[in-house]
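Chain naming here is simple, since letters A, B, ... match the order of the sequence lines and numbering starts at 1 in each.
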Amino acid sequence: MYKDTDCGEPRESMVGSQITVAGWVHRRRDHGNLIFIDLRDRSGLLQVVFNPEHGEKAHDLAQSLRSEWVVQLTGKVVARLSGAENPDLPTGGVELSVTDLVILNRSITPPFEISDDVEVDANTRLKYRFMDLRRPRMQELLKLRHKVTHTMWNYLTEQGFTQVETPILIKSTPEGARDYVVPSRVHPGDFYALPQSPQQLKQLLMVSGVERYFQIARCFRDEDLRADRQPEHTQLDFEMSFVHQDDVMEVVEDLYTLIATETVPETTVSGPFPRLTYAESMERFGTDKPDIRFGLELTTITDTAASSEARVFQAVASSGGSIRGFVAPECGNYGRRQTDDLTEYAKSSGAQGLVFIAIDESAPSIDALEDEHVKSPLKKFLSLDVIKKIATEMGAEPGDLMLIVAGTEKLVNTVLSNLRSEMARRLDLVDSKELAFVWVYDFPLFEWDEELKKYEPAHHVFSSPKAEHMDFLDTDPGKVIGTLWDLVCNGSEMGSGSIRIHDKDLQTKLFNIIGYTEDQISERFGQLLTAFTYGAPPHGGMGLGLDRLVAILAGEDAIREVIAFPKTQSAFDPLFEAPSRIEQQQLDELHIRVVMPKT
RNA sequence: GGUCCCGUGGUGUAGCGGCCUAACACGCCUCCCUGUCAAGGAGGAGAUCGGCAGUUCGAAUCUGCUCGGGAUCGCCA
């Protein structure tokens, strides 16, 4: 070893001992005859002092030291001079008085300072990711992620799970997201696909009798990126045989509570996790991933609003749309600027407009509302009676602002759920120290795709319909509820699970409903259906996003921060400059000809 | 595919039609300095303002296109 002690270790109790440390020059303070260096390694910072009286050669050499040089230092741990202690450092009571210095490597001037305080351009950070990761915060995030996966391994092992690796080179099943694809050399013209998730594989493992499987699995999707979406992401993927919904939820609830309490003890996790049906979540929050850390719940006022003189409301209601809204408490005094701002926000989510009704705080009560207490752009179309009724339905009080959106139900929900989050931010209603997990369950199995004029799986095709809804499969697939659920935390989808279908005929029936031909079914799912005919146990499981979990635990918005080597929004890796061209010879071997797009 | 924001020395910012032959902080280089810890002092180097095309007597500053980054809608079973 180049060192016998880590930089973060020395304490007053070690004064007098001779140690050898090695690390990076974090900062240098050269006083001429006295040189201080903050030496950094993964454990922290240690001040070392070069004094010619204690090591003349080392002191001379130390004059050449620069930021990020790698050095090995031997010397004696000494107590700092009285008054020269640094209370900000764990090692601040002592320092290393150096007798010997070995320069292990030099560094050219770093592209940016290795410090948490410096905001560096995202591209530069990724191009020099190996430097970026030297920052204490990034080291912390890497360790946090490790701790989370370590806890997962330990916990699931204790619970009798077996970790099984599944192939990365597998088969394209082109429903859902776009596949990343890998050409085959030995099978000209054929391609593997990288898994979007190990879904079929883990179900096959259940048929294999593994009973309890898990994997920290890499998943690949060739879709546009977001702060919380990378082309490759990691899932805690697990599957269990002979279980019901509650059994699966219990495992996750215990595991995630354990992870949260072990890794971020300063946050609060309330358990048991609340449960909402999909229908209830949509009704109350307008989304299937509600942030339940704050109220601002939605109310439907379609009938009341349509009974007014307002054409917008009448038109929407008569065309089968809905009119909904929520109350922004104590925002009745919002000025033009603020309401314009909110309208802009609503429009960016797709709304045609946003209707306000402000109730002045001088109003004695909703019942005693007078004309002068109401401000609204639609005021002349809304009778006082209608306004009173709307306010009562929505639960508005004097001083409040009602935000109302009209349109198709889907649009109204999208707009209002976004607006709800935005208002929570503006009103500072979010406790950042809270992890509000919530189960959303009873998802419908299918969604009607208006463009394709057919049913699409709402989550995925392998989820089991509720026993009592089997008849709807033939009569009205849109009504079928699946044994299908999501885990949501602070408004983010953390993962999705279901009790799977383990019957060949039922699975085939579902494929038929979403319009797959017999050929497509056997081509894509033949292996699974065949397996089902050999005694498949009932089973269910989940896929849970690891990157999002770590990001939420860390309080980071972007999963980029918790991935060691992420890609930019255009799926580019500035460090490796991937993707890139390959040699013609490689293309030839793969029987591939590149046709560039015309520009 | 759409919308929005950003792009100035190594890093982070200021400047937003002529006062800019571009300013500030950090970093970098040289020298001085035995108790600093964002050390201090003196001096110095370093960007033509992402790229291209326009508008203008004149552009870092205005316009268009383009490239790159970010946010977001679509998309993401």
Atom pair distance, as rounded to whole Å: CD in A:E447 and C1' in B:C76:
13 Å
Could you identify which residues of residues 538-550 of chain A place a heavy atom less than 4.0 Å from some atom of RNA chain B, listed by residue number, or say none?
none
Is it the case that A:R524 places NZ or CZ above or below the six-membered ring of A:Y516, under 6.0 angstrom from the centre and within 45 degrees of the axis?
yes
When you measure from the side chain of A:K202 to the backbone N and O of A:F214, does any donor-acceptor pair fall under 3.5 Å?
no
Should A:F285 and A:F326 be marked as a ring-ring contact (aromatic ring centres under 6.0 Å, His included) after you check the CA-CA gap, both sets of side-chain angles, and the distance that decides it?
CA-CA 10 Å; A:F285 304 101; A:F326 67 92; over 10 Å; no
Quick check on contacts: within residues 77-88 of chain A, what sits under 4.0 Å from RNA chain B by heavy-atom distance?
A:R80, A:L81, A:A84, A:E85, A:N86
Calculate the interatomic distance between A:N123 atom CG and B:G12 atom P; express it in whole Å.
11 Å
For A:E561, the salt bridge (charged side-chain N to carboxylate O under 4.0 Å, His left out) test, sequence neighbours excluded, returns A:R125
Taking CD from A:E561 and P from B:G69, how many angstroms apart are they, rounded to a whole number?
16 Å
Got a sec, which residues hit ring pair (Phe, Tyr, Trp, His ring centres under 6.0 Å) with A:Y192, two or more places apart in sequence or on another chain?
none
Counting only side-chain N and O atoms of A:T109, is one of them less than 4.0 Å from OP1 or OP2 of B:G27?
no
Side-chain N,O (A:R560) to OP1/OP2 (B:A71) below 4.0 Å
yes
Could you go through nucleotides 2-5 of chain B and list every protein N or O atom that sits under 3.5 Å from one of its N or O atoms, giving the distance for each pair?
none

Does A:K127 have any side-chain hydrogen bond (donor to acceptor under 3.5 Å, both in side chains) partners at least two apart in sequence or in another chain, and if so, which?
none
Under 6.0 Å between ring centres, would you say that holds for A:F532 and A:H502?
no
Classify every nucleotide of nucleotides 39-44 of chain B by which part a protein heavy atom approaches to under 4.0 Å, writing B for the base, S for the sugar-phosphate alone and - for neither, in 5'-to-3' order.
B-----
Given atom NE2 of A:H59 and atom C1' of B:G35, what is their separation to the nearest angstrom?
12 Å
Applying side chain to side chain donor-acceptor pair (under 3.5 Å) to A:E239 and A:Q203, what does each step give before you reach the verdict?
CA-CA 7 Å; A:E239 199 74 10; A:Q203 291 193 243; 5.3 Å; no
Provide, to the nearest angstrom, the distance between the CD atom belonging to A:Q569 and the C1' atom belonging to B:A71.
7 Å
Specify the residues of residues 496-511 of chain A, ordered by number, for which at least one heavy atom lies under 4.0 angstrom from an atom of RNA chain B.
none
Closer to the 5' end of RNA chain B via nearest nucleotide, is it A:F572 or A:T414?
A:F572
The test is salt bridge (charged side-chain N to carboxylate O under 4.0 Å, His left out); show your working for A:E556 and A:R548 and say whether it passes.
CA-CA 9 Å; A:E556 294 287 343; A:R548 286 186 190 174; over 6 Å; no
Regarding B:G70, can its base be found pairing with the side chain of A:R226 as donor and acceptor, where the two atoms are less than 3.5 Å apart?
no
Side chain to side chain contact (heavy atoms under 4.5 Å, CB included) with A:S417: which residues, sequence neighbours excluded?
A:T287
side-chain hydrogen bond (donor to acceptor under 3.5 Å, both in side chains) with A:D121: which residues, sequence neighbours excluded?
A:T124
So, A:W69 side chain and A:S107 main chain: donor-acceptor pair closer than 3.5 Å or not?
yes
Would you list the protein and nucleotides 6-10 of chain B atom pairs, both N or O, that sit under 3.5 Å from each other?
from, atom 1, to, atom 2, distance (Å)
B:G10, O2', A:P111, O, 2.7

From CD of A:Q63 across to P of B:U34 the rounded distance in Å is 11 Å
May I ask you to verify whether the side chain of A:Q47 and the base of B:U36 hold a donor-acceptor pair under 3.5 Å?
yes
Could you tell me whether a side-chain N or O of A:D116 sits under 3.5 Å from a main-chain N or O of A:R137, the two making a donor and an acceptor?
yes
Between atom CD in A:Q196 and atom C1' in B:C75, what is the gap in whole Å?
13 Å
Less than 3.5 Å apart, which donor and acceptor atoms pair up between the side chains of residues 507-514 of chain A and the rest of the protein, not counting sequence neighbours?
from, atom 1, to, atom 2, distance (Å)
A:Q507, NE2, A:V461, O, 2.9
A:T508, OG1, A:K504, O, 2.7
A:K509, NZ, A:D474, OD1, 3.2
A:K509, NZ, A:D474, OD2, 3.2
A:N512, ND2, A:T508, O, 3.3

CA sep, side-chain torsions, deciding dist, call: A:K289, A:D486, salt bridge (charged side-chain N to carboxylate O under 4.0 Å, His left out):
CA-CA 8 Å; A:K289 35 177 194 278; A:D486 277 359; over 6 Å; no
Quick one: the side chain of A:R66 and the base of B:C29, do they pair up donor-acceptor inside 3.5 Å?
no
Do we see a donor-acceptor contact under 3.5 Å between the side chains of A:H460 and A:R500?
yes
Whole-Å distance separating the CD atom of A:E556 from the P atom of B:A71
12 Å
